[in-house]
Trainee: 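Please see the structure below; I have some questions.
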Amino acid sequence: MTTTDSARDLLYEAETAQLVSDASRALAFGGLSDLVWGHVSVRDRDGRGVWMKSSGLGFEEITPDHVVLVDWDGNVVVGDGPRHIEFYIHTSIYRARPDVNSVVHAHSDAVNAWCALEVPMRPLTHAGMLFAEPQLPRFTETMNLIRNAEMGVRLAEVLAENAGVLMPQHGFAMTGPDVATAVMTAVLLERAATTMLSALSAGEVKTWASDADLAEFEWVPAQLRAGYEYLVRGASTR
Ligand SMILES: [Zn+2]
């Protein structure tokens, strides 16, 4: 390896740690904190594993120094700090889905409360349009932590080719081809669930977007990127 290659690798690792740090803080600003639980990851460019925050800290506390590279067996191979028990969520999804480059796992109040009602997600808002057709699948095997490879594989099987998977009484996992998509769709899912809860608490939900509107509506990548950048800016002002 030349000196130039080595410098390029260090730059990549520094930029990736910054990316995961920004994404973690964006999730906090977007309302997805659950004390020190939940994580966002990025697939390593060289196939070594996943970049994610170390455990024991909340999303809003993360700096690049708290980001580690976890290999496919759960060993921390770059950076310092303990890895999350549930790293299997990430490694299992990346193994099953070559199209996925970022995964968010959050323990979210609104999604869990809405899941408990066992009613479909209705497109009451633009956020809800993302999750109405198709509905996200539900991983119902357990509400416990995904703490081994076998559980991770089964979670990825339920996810299949969907954008995300609900984990009732636990949270959810959302995926994307990039960080902006994974983070923004996670935040939009929480917002859509919040709107469902608000409507359901006031009475019967009688109207929502038509099938024609649903077919026409699209969250384009530029909008997801703009929303993500807003979250990153907002987090930086805290
Ligand atoms: Zn979890």
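Whatever order the structure lists them in is the order used to number ligands and atoms, beginning at 1.
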Trainee: For the Zn ion (ligand 1), what is the closest N, O or S atom on His105?
Mentor: NE2
Trainee: If you look at His107, which of its N/O/S atoms is nearest to the Zn ion (ligand 1)?
Mentor: NE2
Trainee: Which atom, among the N/O/S set of Glu86, is closest to the Zn ion (ligand 1)?
Mentor: OE1
Trainee: Could you tell me whether Arg43 and Asp99 have a side-chain N and a carboxylate O separated by less than 4.0 Å?
Mentor: no
Trainee: Of all N, O or S atoms in His170, identify the one at the shortest distance from the Zn ion (ligand 1).
Mentor: NE2
Trainee: Do His105 side-chain atoms and Phe172 backbone N/O form a donor-acceptor pair below 3.5 Å?
Mentor: yes
Trainee: Which pairs count as salt bridge (charged side-chain N to carboxylate O under 4.0 Å, His left out) when at least one residue sits in residues 155-171, sequence neighbours excluded?
Mentor: Arg97-Glu161
Trainee: List, one per line, each side-chain donor-acceptor pair under 3.5 Å for residues 220-235, sequence neighbours excluded.
Mentor:
none

